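Quick note: numbers below take in every heavy atom, side chains included, and nothing from hydrogens, waters or symmetry partners. The model shown is predicted, which means the values in this text are computed figures rather than measured ones.
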Amino acid sequence: MAVLLTGGAGYIGSHTALCIANAGLDVVVLDNLSNSSPEAIRRVSELTGKEIPLIIGDCTNKDDLEKAFSAYPIDQVVHFAGLKAVGESVAKPLMYYRNNLDASLTLLEVMAAHGCNQLVFSSSATVYGTIQEMPLKENFPLGCTNPYGWTKLMSEQIFRDVGKADLGLSIVLLRYFNPVGAHESGRIGEDPNGIPNNLMPFICQVAKGRLERLSIFGNDYPTKDGTGVRDYIHVMDLAEGHLAALKYAREHRGVEVFNLGTGVGYSVLDMVHAFEEVNHIQVPYRIAPRRPGDIATCYADPTKAHDLLHWQTHRTLTDMCRDAWNWQNNNPMGYRNA
Ligand code: NAD
Ligand code: WQD
(Lines give C-alpha, C1' and ligand atoms only; values in the text may rest on other atoms or scores of the structure.)
(Ligands and ions follow the chains in the order given, each with its own letter.)
Protein backbone atom coordinates (compact mmCIF):
# COMPACT_ATOMS: atom_id res chain seq x y z
CA MET A 1 0.00 0.00 0.00
CA ALA A 2 1.09 3.60 -0.51
CA VAL A 3 0.60 7.08 0.96
CA LEU A 4 -0.24 9.88 -1.48
CA LEU A 5 1.16 13.30 -0.56
CA THR A 6 -0.66 16.05 -2.45
CA GLY A 7 1.61 19.11 -2.52
CA GLY A 8 4.39 16.77 -1.44
CA ALA A 9 7.13 18.63 -3.34
CA GLY A 10 6.65 21.70 -1.11
CA TYR A 11 8.44 22.64 2.11
CA ILE A 12 6.55 20.55 4.67
CA GLY A 13 5.58 17.86 2.15
CA SER A 14 9.15 17.09 1.10
CA HIS A 15 10.30 16.73 4.73
CA THR A 16 7.30 14.52 5.47
CA ALA A 17 8.02 12.42 2.36
CA LEU A 18 11.54 11.84 3.68
CA CYS A 19 10.33 11.00 7.19
CA ILE A 20 7.64 8.54 6.21
CA ALA A 21 9.72 6.88 3.46
CA ASN A 22 12.45 6.32 6.06
CA ALA A 23 9.80 4.75 8.31
CA GLY A 24 9.21 2.14 5.60
CA LEU A 25 6.04 3.47 3.94
CA ASP A 26 5.73 3.74 0.16
CA VAL A 27 5.24 7.35 -0.89
CA VAL A 28 3.72 8.87 -4.04
CA VAL A 29 3.73 12.65 -4.59
CA LEU A 30 1.26 14.67 -6.66
CA ASP A 31 2.13 18.34 -7.08
CA ASN A 32 1.48 20.99 -9.72
CA LEU A 33 4.85 22.58 -8.88
CA SER A 34 3.22 26.01 -8.59
CA ASN A 35 5.36 26.69 -5.51
CA SER A 36 7.98 23.96 -5.58
CA SER A 37 10.65 22.18 -7.59
CA PRO A 38 10.94 18.54 -8.70
CA GLU A 39 14.51 18.76 -7.40
CA ALA A 40 13.13 18.51 -3.84
CA ILE A 41 11.69 15.08 -4.57
CA ARG A 42 14.81 13.99 -6.45
CA ARG A 43 16.80 14.82 -3.32
CA VAL A 44 14.35 13.02 -1.03
CA SER A 45 14.84 9.92 -3.23
CA GLU A 46 18.60 10.37 -2.95
CA LEU A 47 18.48 10.77 0.85
CA THR A 48 16.17 7.81 1.44
CA GLY A 49 17.58 5.55 -1.28
CA LYS A 50 13.99 4.96 -2.40
CA GLU A 51 12.26 5.89 -5.61
CA ILE A 52 9.55 8.48 -4.83
CA PRO A 53 7.22 8.79 -7.84
CA LEU A 54 6.29 12.41 -8.63
CA ILE A 55 3.10 12.95 -10.60
CA ILE A 56 3.00 16.49 -11.95
CA GLY A 57 -0.68 17.23 -11.66
CA ASP A 58 -3.30 19.44 -10.11
CA CYS A 59 -5.35 18.44 -7.12
CA THR A 60 -8.32 20.40 -8.47
CA ASN A 61 -8.28 18.17 -11.56
CA LYS A 62 -10.06 14.82 -11.21
CA ASP A 63 -8.14 13.23 -14.10
CA ASP A 64 -4.80 14.09 -12.52
CA LEU A 65 -5.85 12.55 -9.20
CA GLU A 66 -7.26 9.53 -11.07
CA LYS A 67 -3.82 8.99 -12.58
CA ALA A 68 -2.33 8.66 -9.11
CA PHE A 69 -5.07 6.39 -7.72
CA SER A 70 -5.08 4.11 -10.78
CA ALA A 71 -1.32 3.72 -10.92
CA TYR A 72 -0.62 3.11 -7.19
CA PRO A 73 -2.35 1.19 -4.36
CA ILE A 74 -3.05 4.34 -2.31
CA ASP A 75 -4.77 3.71 1.03
CA GLN A 76 -3.84 6.95 2.84
CA VAL A 77 -3.51 10.59 1.76
CA VAL A 78 -1.76 13.56 3.33
CA HIS A 79 -3.26 16.67 1.77
CA PHE A 80 -0.67 19.49 1.74
CA ALA A 81 -1.61 20.96 -1.66
CA GLY A 82 -2.68 24.56 -1.32
CA LEU A 83 -1.69 28.17 -1.72
CA LYS A 84 -0.44 29.67 1.55
CA ALA A 85 0.53 33.34 1.28
CA VAL A 86 -1.72 35.37 3.57
CA GLY A 87 -1.16 38.75 1.84
CA GLU A 88 -1.68 37.29 -1.63
CA SER A 89 -4.93 35.72 -0.44
CA VAL A 90 -6.23 39.17 0.54
CA ALA A 91 -5.37 40.51 -2.94
CA LYS A 92 -6.61 37.41 -4.83
CA PRO A 93 -9.31 35.81 -2.69
CA LEU A 94 -11.00 33.97 -5.56
CA MET A 95 -7.76 32.29 -6.57
CA TYR A 96 -7.34 31.05 -2.97
CA TYR A 97 -10.93 29.86 -2.51
CA ARG A 98 -10.92 28.18 -5.93
CA ASN A 99 -7.60 26.42 -5.50
CA ASN A 100 -7.72 25.42 -1.84
CA LEU A 101 -11.39 24.46 -1.61
CA ASP A 102 -11.55 22.77 -5.02
CA ALA A 103 -8.46 20.74 -4.12
CA SER A 104 -10.11 19.48 -0.91
CA LEU A 105 -13.44 18.69 -2.64
CA THR A 106 -11.95 16.99 -5.69
CA LEU A 107 -9.62 14.94 -3.54
CA LEU A 108 -12.52 13.72 -1.37
CA GLU A 109 -14.51 12.68 -4.46
CA VAL A 110 -11.66 10.74 -6.01
CA MET A 111 -10.77 9.09 -2.69
CA ALA A 112 -14.39 7.96 -2.33
CA ALA A 113 -14.43 6.58 -5.87
CA HIS A 114 -11.36 4.48 -5.01
CA GLY A 115 -12.46 3.34 -1.57
CA CYS A 116 -9.63 5.26 0.11
CA ASN A 117 -10.85 6.37 3.54
CA GLN A 118 -7.88 7.76 5.47
CA LEU A 119 -6.84 11.38 5.21
CA VAL A 120 -4.50 13.75 7.06
CA PHE A 121 -5.05 17.45 6.34
CA SER A 122 -2.69 20.45 6.67
CA SER A 123 -4.64 22.99 8.65
CA SER A 124 -3.15 25.96 10.44
CA ALA A 125 -3.09 27.83 13.74
CA THR A 126 -4.49 30.71 11.71
CA VAL A 127 -7.98 29.20 12.28
CA TYR A 128 -7.82 30.48 15.87
CA GLY A 129 -8.05 34.03 14.50
CA THR A 130 -7.43 36.71 17.09
CA ILE A 131 -8.08 34.79 20.31
CA GLN A 132 -5.93 36.16 23.12
CA GLU A 133 -6.08 33.32 25.63
CA MET A 134 -2.91 31.21 25.44
CA PRO A 135 -2.00 28.41 25.02
CA LEU A 136 -4.44 27.61 22.23
CA LYS A 137 -6.47 24.43 22.68
CA GLU A 138 -8.26 22.55 19.90
CA ASN A 139 -11.71 23.27 21.37
CA PHE A 140 -11.30 27.07 21.40
CA PRO A 141 -13.65 29.13 19.19
CA LEU A 142 -12.51 29.53 15.61
CA GLY A 143 -12.53 32.43 13.15
CA CYS A 144 -10.23 33.92 10.54
CA THR A 145 -8.87 37.29 9.49
CA ASN A 146 -7.96 36.58 5.86
CA PRO A 147 -9.13 34.44 2.90
CA TYR A 148 -6.23 31.99 3.26
CA GLY A 149 -7.31 31.27 6.82
CA TRP A 150 -10.91 30.86 5.73
CA THR A 151 -9.92 28.24 3.14
CA LYS A 152 -8.38 26.24 5.99
CA LEU A 153 -11.36 26.65 8.29
CA MET A 154 -13.84 25.90 5.48
CA SER A 155 -11.84 22.82 4.46
CA GLU A 156 -11.88 21.66 8.09
CA GLN A 157 -15.68 22.06 8.06
CA ILE A 158 -16.00 20.11 4.80
CA PHE A 159 -13.90 17.30 6.27
CA ARG A 160 -15.95 17.30 9.48
CA ASP A 161 -19.24 17.08 7.55
CA VAL A 162 -17.99 14.34 5.25
CA GLY A 163 -16.68 12.44 8.27
CA LYS A 164 -20.11 12.68 9.92
CA ALA A 165 -21.87 11.38 6.81
CA ASP A 166 -19.53 8.42 6.31
CA LEU A 167 -18.55 6.75 9.56
CA GLY A 168 -15.98 4.62 7.76
CA LEU A 169 -13.72 7.60 7.21
CA SER A 170 -10.63 8.46 9.30
CA ILE A 171 -9.71 12.11 9.03
CA VAL A 172 -6.98 13.83 11.02
CA LEU A 173 -6.86 17.63 10.91
CA LEU A 174 -3.44 19.01 11.90
CA ARG A 175 -3.14 22.64 12.93
CA TYR A 176 0.49 23.60 12.36
CA PHE A 177 2.03 26.49 14.26
CA ASN A 178 5.19 28.09 12.74
CA PRO A 179 7.31 25.51 10.91
CA VAL A 180 11.00 26.44 10.50
CA GLY A 181 14.35 24.77 9.87
CA ALA A 182 15.30 22.04 7.46
CA HIS A 183 16.47 18.44 7.31
CA GLU A 184 19.84 18.11 9.03
CA SER A 185 21.51 17.08 5.75
CA GLY A 186 21.01 20.60 4.37
CA ARG A 187 19.80 19.01 1.10
CA ILE A 188 16.13 19.98 1.41
CA GLY A 189 14.58 23.08 2.96
CA GLU A 190 12.27 26.03 2.53
CA ASP A 191 12.60 27.76 -0.84
CA PRO A 192 10.19 30.69 -1.00
CA ASN A 193 9.46 32.46 -4.28
CA GLY A 194 10.56 36.10 -4.26
CA ILE A 195 10.94 38.01 -1.01
CA PRO A 196 10.00 35.76 1.93
CA ASN A 197 6.89 36.62 3.97
CA ASN A 198 7.90 34.50 6.95
CA LEU A 199 10.45 35.38 9.58
CA MET A 200 12.96 32.53 9.43
CA PRO A 201 13.56 32.49 5.65
CA PHE A 202 13.86 36.28 5.82
CA ILE A 203 16.52 36.03 8.56
CA CYS A 204 18.38 33.40 6.52
CA GLN A 205 18.44 35.54 3.39
CA VAL A 206 19.67 38.57 5.36
CA ALA A 207 22.42 36.45 6.91
CA LYS A 208 23.40 35.24 3.43
CA GLY A 209 23.47 38.79 2.07
CA ARG A 210 20.57 38.28 -0.36
CA LEU A 211 18.58 40.89 1.60
CA GLU A 212 20.02 43.93 3.34
CA ARG A 213 18.32 43.75 6.71
CA LEU A 214 15.35 42.42 8.59
CA SER A 215 12.40 44.66 9.41
CA ILE A 216 10.99 43.69 12.79
CA PHE A 217 7.29 44.40 12.58
CA GLY A 218 6.55 46.21 15.84
CA ASN A 219 8.28 46.38 19.23
CA ASP A 220 5.29 47.68 21.19
CA TYR A 221 3.30 44.46 21.62
CA PRO A 222 2.42 43.38 25.15
CA THR A 223 5.16 40.73 25.13
CA LYS A 224 8.40 40.39 27.12
CA ASP A 225 10.44 42.52 24.67
CA GLY A 226 7.63 44.11 22.66
CA THR A 227 8.08 41.91 19.56
CA GLY A 228 5.62 39.24 18.38
CA VAL A 229 5.72 35.81 20.02
CA ARG A 230 5.15 32.58 18.05
CA ASP A 231 5.42 28.82 18.49
CA TYR A 232 8.24 27.85 16.10
CA ILE A 233 8.41 24.13 15.38
CA HIS A 234 11.24 22.28 13.63
CA VAL A 235 9.95 20.98 10.29
CA MET A 236 11.32 17.47 11.03
CA ASP A 237 9.35 17.36 14.31
CA LEU A 238 6.33 18.43 12.28
CA ALA A 239 7.06 15.70 9.69
CA GLU A 240 7.13 13.14 12.51
CA GLY A 241 3.70 14.44 13.57
CA HIS A 242 2.38 13.29 10.18
CA LEU A 243 3.80 9.82 10.68
CA ALA A 244 2.01 9.67 14.04
CA ALA A 245 -1.21 10.97 12.44
CA LEU A 246 -1.08 8.30 9.71
CA LYS A 247 -0.74 5.63 12.40
CA TYR A 248 -3.66 7.16 14.31
CA ALA A 249 -5.79 7.21 11.14
CA ARG A 250 -5.08 3.51 10.59
CA GLU A 251 -6.29 2.70 14.10
CA HIS A 252 -9.28 5.08 14.57
CA ARG A 253 -12.41 6.06 12.67
CA GLY A 254 -13.94 9.57 12.75
CA VAL A 255 -12.58 13.10 12.54
CA GLU A 256 -10.04 14.39 15.04
CA VAL A 257 -8.11 17.65 15.24
CA PHE A 258 -4.66 18.24 16.75
CA ASN A 259 -2.37 21.20 17.36
CA LEU A 260 1.18 20.55 16.20
CA GLY A 261 3.37 23.00 18.04
CA THR A 262 5.97 22.92 20.82
CA GLY A 263 3.91 24.79 23.40
CA VAL A 264 6.70 27.35 23.79
CA GLY A 265 6.65 30.88 22.40
CA TYR A 266 9.70 32.83 21.25
CA SER A 267 9.77 36.51 20.31
CA VAL A 268 11.18 37.89 17.06
CA LEU A 269 14.20 39.20 18.99
CA ASP A 270 14.70 35.76 20.61
CA MET A 271 14.83 34.29 17.10
CA VAL A 272 17.29 36.87 15.78
CA HIS A 273 19.61 36.54 18.78
CA ALA A 274 19.49 32.73 18.80
CA PHE A 275 20.25 32.66 15.06
CA GLU A 276 23.23 34.99 15.52
CA GLU A 277 24.63 33.04 18.45
CA VAL A 278 24.19 29.55 17.02
CA ASN A 279 25.57 30.41 13.58
CA HIS A 280 28.12 33.10 14.55
CA ILE A 281 26.71 35.48 11.99
CA GLN A 282 25.18 38.96 12.18
CA VAL A 283 21.56 39.65 11.24
CA PRO A 284 21.18 43.40 10.76
CA TYR A 285 17.68 44.62 11.63
CA ARG A 286 15.58 47.72 12.19
CA ILE A 287 12.31 48.21 14.01
CA ALA A 288 9.44 48.84 11.58
CA PRO A 289 5.71 49.49 12.10
CA ARG A 290 3.44 46.58 13.00
CA ARG A 291 2.34 44.38 10.07
CA PRO A 292 -1.43 44.66 9.55
CA GLY A 293 -3.27 41.55 10.71
CA ASP A 294 -0.49 40.37 13.08
CA ILE A 295 -1.31 39.34 16.62
CA ALA A 296 0.95 39.76 19.66
CA THR A 297 1.25 36.16 20.81
CA CYS A 298 0.36 32.71 19.52
CA TYR A 299 1.41 29.34 20.90
CA ALA A 300 -0.09 25.89 21.14
CA ASP A 301 -1.24 23.59 23.85
CA PRO A 302 0.08 20.36 22.28
CA THR A 303 -1.22 18.09 25.08
CA LYS A 304 -3.84 16.39 22.91
CA ALA A 305 -1.22 15.37 20.32
CA HIS A 306 1.06 14.12 23.13
CA ASP A 307 -1.74 12.03 24.63
CA LEU A 308 -3.48 10.62 21.55
CA LEU A 309 -0.84 10.69 18.80
CA HIS A 310 1.98 9.82 21.23
CA TRP A 311 4.02 12.50 19.48
CA GLN A 312 6.15 15.26 20.84
CA THR A 313 8.80 17.64 19.61
CA HIS A 314 12.46 16.89 20.33
CA ARG A 315 14.37 19.57 18.47
CA THR A 316 15.44 22.80 20.13
CA LEU A 317 15.62 26.43 19.02
CA THR A 318 19.34 25.83 18.45
CA ASP A 319 18.52 22.95 16.08
CA MET A 320 16.01 25.12 14.22
CA CYS A 321 18.51 27.97 13.71
CA ARG A 322 21.42 25.68 12.82
CA ASP A 323 19.45 23.61 10.30
CA ALA A 324 17.76 26.62 8.67
CA TRP A 325 21.18 28.21 8.14
CA ASN A 326 22.81 24.97 6.98
CA TRP A 327 20.19 24.72 4.20
CA GLN A 328 20.43 28.43 3.24
CA ASN A 329 24.21 28.49 3.30
CA ASN A 330 24.54 25.38 1.16
CA ASN A 331 21.74 26.39 -1.23
CA PRO A 332 21.89 30.19 -1.45
CA MET A 333 19.38 30.23 -4.30
CA GLY A 334 17.29 27.33 -3.00
CA TYR A 335 16.67 24.69 -5.68
CA ARG A 336 17.07 27.21 -8.51
CA ASN A 337 20.63 26.43 -9.55
CA ALA A 338 20.32 22.71 -8.98
P1 NAD B 1 4.41 24.91 0.03
O2 NAD B 1 3.89 25.98 -0.84
O3 NAD B 1 5.89 24.73 0.10
O4 NAD B 1 3.76 23.50 -0.40
C5 NAD B 1 2.47 23.40 -0.95
C6 NAD B 1 2.59 22.60 -2.22
O7 NAD B 1 1.31 22.46 -2.83
C8 NAD B 1 3.52 23.28 -3.26
O9 NAD B 1 4.47 22.33 -3.67
C10 NAD B 1 2.56 23.64 -4.41
O11 NAD B 1 3.22 23.53 -5.66
C12 NAD B 1 1.47 22.62 -4.23
N13 NAD B 1 0.15 22.99 -4.73
C14 NAD B 1 -0.58 24.12 -4.52
N15 NAD B 1 -1.77 24.04 -5.12
C16 NAD B 1 -1.83 22.82 -5.71
C17 NAD B 1 -2.80 22.15 -6.49
N18 NAD B 1 -3.97 22.70 -6.79
N19 NAD B 1 -2.51 20.90 -6.96
C20 NAD B 1 -1.33 20.34 -6.68
N21 NAD B 1 -0.37 20.92 -5.97
C22 NAD B 1 -0.62 22.15 -5.48
O23 NAD B 1 3.80 25.12 1.48
P24 NAD B 1 4.15 24.38 2.84
O25 NAD B 1 4.73 25.38 3.75
O26 NAD B 1 4.88 23.12 2.58
O27 NAD B 1 2.67 24.09 3.35
C28 NAD B 1 2.03 22.84 3.14
C29 NAD B 1 0.61 22.94 3.63
O30 NAD B 1 0.62 23.30 5.00
C31 NAD B 1 -0.22 24.02 2.93
O32 NAD B 1 -1.54 23.55 2.79
C33 NAD B 1 -0.17 25.18 3.90
O34 NAD B 1 -1.30 26.01 3.77
C35 NAD B 1 -0.16 24.46 5.23
N36 NAD B 1 0.45 25.24 6.32
C37 NAD B 1 1.69 25.79 6.16
C38 NAD B 1 2.26 26.55 7.18
C39 NAD B 1 3.60 27.20 7.03
O40 NAD B 1 3.88 28.15 7.78
N41 NAD B 1 4.46 26.76 6.11
C42 NAD B 1 1.56 26.71 8.40
C43 NAD B 1 0.30 26.12 8.54
C44 NAD B 1 -0.24 25.38 7.48
C1 WQD C 1 6.33 35.53 12.67
C2 WQD C 1 6.66 36.76 13.52
C3 WQD C 1 5.91 38.81 12.52
C4 WQD C 1 8.58 38.64 9.06
C5 WQD C 1 2.19 33.00 9.13
C6 WQD C 1 0.76 32.85 8.66
C7 WQD C 1 0.12 31.65 9.30
C8 WQD C 1 0.97 30.39 9.10
C9 WQD C 1 2.40 30.61 9.46
C10 WQD C 1 0.17 29.15 7.23
C11 WQD C 1 5.52 37.78 13.56
C12 WQD C 1 7.42 38.78 12.60
C13 WQD C 1 7.93 38.36 10.23
C14 WQD C 1 9.43 39.77 9.01
C15 WQD C 1 8.95 40.21 11.32
N16 WQD C 1 0.99 29.97 7.73
N17 WQD C 1 8.11 39.13 11.33
N18 WQD C 1 9.59 40.50 10.14
O19 WQD C 1 2.60 35.63 10.83
O20 WQD C 1 2.99 33.96 12.71
O21 WQD C 1 2.18 33.17 10.54
O22 WQD C 1 2.90 31.79 8.82
O23 WQD C 1 -0.79 28.65 7.69
O24 WQD C 1 -1.13 31.52 8.72
O25 WQD C 1 0.05 34.03 9.02
O26 WQD C 1 4.50 33.94 10.73
O27 WQD C 1 6.86 34.03 10.05
O28 WQD C 1 5.24 35.66 9.01
O29 WQD C 1 5.86 35.94 11.40
O30 WQD C 1 9.11 40.92 12.30
O31 WQD C 1 10.02 40.10 7.96
O32 WQD C 1 7.76 37.45 12.89
O33 WQD C 1 5.42 40.10 12.76
O34 WQD C 1 5.55 38.36 14.85
P35 WQD C 1 3.02 34.29 11.27
P36 WQD C 1 5.66 34.87 10.20
Side-chain angles (χ1 to χ4, degrees), residues 6-13 30-36 58-61 64-65 77-109 119-132 136 138 140-163 171 173-180 190-202 215 217-218 228 230-231 238 255 257-261 289-298 300:
T6 73
Y11 172 44
I12 304 169
L30 179 137
D31 200 302
N32 67 7
L33 304 181
S34 58
N35 197 36
S36 51
D58 200 297
C59 208
T60 64
N61 181 321
D64 288 352
L65 282 169
V77 179
V78 186
H79 181 37
F80 297 103
L83 299 171
K84 64 161 182 178
V86 171
E88 187 184 50
S89 82
V90 175
K92 300 177 181 172
L94 274 181
M95 184 169 106
Y96 272 68
Y97 286 115
R98 170 66 73 196
N99 187 71
N100 292 3
L101 296 181
D102 235 2
S104 296
L105 293 168
T106 311
L107 175 64
L108 280 168
E109 285 170 356
L119 175 76
V120 175
F121 174 62
S122 300
S123 188
S124 166
T126 194
V127 301
Y128 293 112
T130 53
I131 301 180
Q132 292 188 0
L136 293 161
E138 288 84 350
F140 277 14
L142 305 173
C144 298
T145 55
N146 58 73
Y148 163 72
W150 282 111
T151 69
K152 290 294 169 190
L153 189 49
M154 288 175 181
S155 289
E156 282 199 8
Q157 188 60 43
I158 291 167
F159 292 127
R160 267 189 280 270
D161 289 341
V162 169
I171 300 183
L173 310 173
L174 299 178
R175 294 183 184 148
Y176 312 153
F177 281 67
N178 290 58
V180 295
E190 187 170 12
D191 183 18
N193 264 330
I195 296 178
N197 297 309
N198 297 114
L199 179 65
M200 187 57 112
F202 205 107
S215 292
F217 299 139
R230 297 291 183 274
D231 186 337
L238 189 64
V255 183
V257 57
F258 297 98
N259 286 338
L260 293 186
R290 289 183 179 193
R291 183 172 64 179
D294 272 359
I295 50 175
T297 301
C298 172

With a 4.5 Å heavy-atom cut-off, do L107 and T6 have their side chains touching?
yes
Are Y128 and N259 linked by a side-chain donor-acceptor pair shorter than 3.5 Å?
yes
Are the side chains of N32 and C59 in touch, meaning some heavy atoms are under 4.5 Å apart?
no
For residues 122-132, the salt bridge (Lys or Arg N to Asp or Glu O under 4.0 Å) pairs (sequence neighbours left out) are none
pair P93-W150: side-chain heavy atoms closer than 4.5 Å:
no
Test side-chain contact (heavy atoms from CB on, under 4.5 Å) applied to L238 and Y176, step by step
CA-CA 8 Å; L238 189 64; Y176 312 153; 3.6 Å; yes
Please test E190 against Y11 for side-chain contact (heavy atoms from CB on, under 4.5 Å), starting from the C-alpha separation and ending with a verdict.
CA-CA 5 Å; E190 187 170 12; Y11 172 44; 3.5 Å; yes
Closest approach of L136 to F177 (non-hydrogen atoms, all atoms of both residues):
CD1-CE2, 3.8 Å
In Å and rounded to the nearest 0.5 Å, what is the OH to OG distance from Y148 to S124?
4.5 Å
Nearest-0.5 Å distance, CG of residue L119 to CG of residue L108
6.5 Å
Stepwise, does the side-chain contact (heavy atoms from CB on, under 4.5 Å) test hold for V180 with R230?
CA-CA 11 Å; V180 295; R230 297 291 183 274; over 6 Å; no
Could you tell me if the side chain of F258 sits less than 4.5 Å from the side chain of L173, heavy atoms only?
no
Point-to-point distance, once rounded to the nearest 0.5 Å, from OG of S104 to CD of E109:
11.5 Å
Donor-acceptor contact present, side-chain K152 to main-chain S122, <3.5 Å
yes
Side chains of L83 and S89: does their closest heavy-atom pair fall under 4.5 Å?
no
Spacing of CG belonging to N178 relative to CG belonging to L199, to within rounding of 0.5 Å:
8.5 Å
When you look at CZ of R98, are more than 12 heavy atoms from neighbouring residues, nucleotides or ligands closer to it than 6.0 Å?
no
For the student: nearest non-hydrogen atoms of S34 and N193, plus distance
O-ND2, 4.1 Å
Heavy atoms only: give me the nearest D58-D64 pair and the separation to one decimal.
N-OD2, 2.7 Å
Using modelled atom types only, decide if a donor and an acceptor are shared between the side chain of D31 and the backbone of A9 within a distance under 3.5 Å.
yes
Test item: V127 and R175 side chains (from C-beta on) under 4.5 Å apart, heavy atoms
yes
When you check the side-chain N and O atoms of N100 and T151, is any donor under 3.5 Å from an acceptor?
yes
Heavy atoms only: give me the nearest R291-N197 pair and the separation to one decimal.
NH1-O, 3.1 Å
Set out, in order, the CA-CA distance, both residues' side-chain angles and the distance that settles side-chain contact (heavy atoms from CB on, under 4.5 Å) for L101 and S155, then state yes or no.
CA-CA 6 Å; L101 296 181; S155 289; 3.6 Å; yes
Please find the pair of heavy atoms, one from A300 and one from G261, that lie closest to each other, and give the distance.
CB-CA, 4.1 Å
Check whether any side-chain heavy atom of E156 sits under 4.5 Å from a side-chain heavy atom of L142, and report yes or no.
yes
What residue pairs, at least two apart or across chains, pass ring-ring contact (aromatic ring centres under 6.0 Å, His included) with a residue in residues 77-101?
H79-F121, F80-H242
So, for T126 and G149, which heavy atoms are closest and what is the spacing to 0.1 Å?
CG2-CA, 3.7 Å
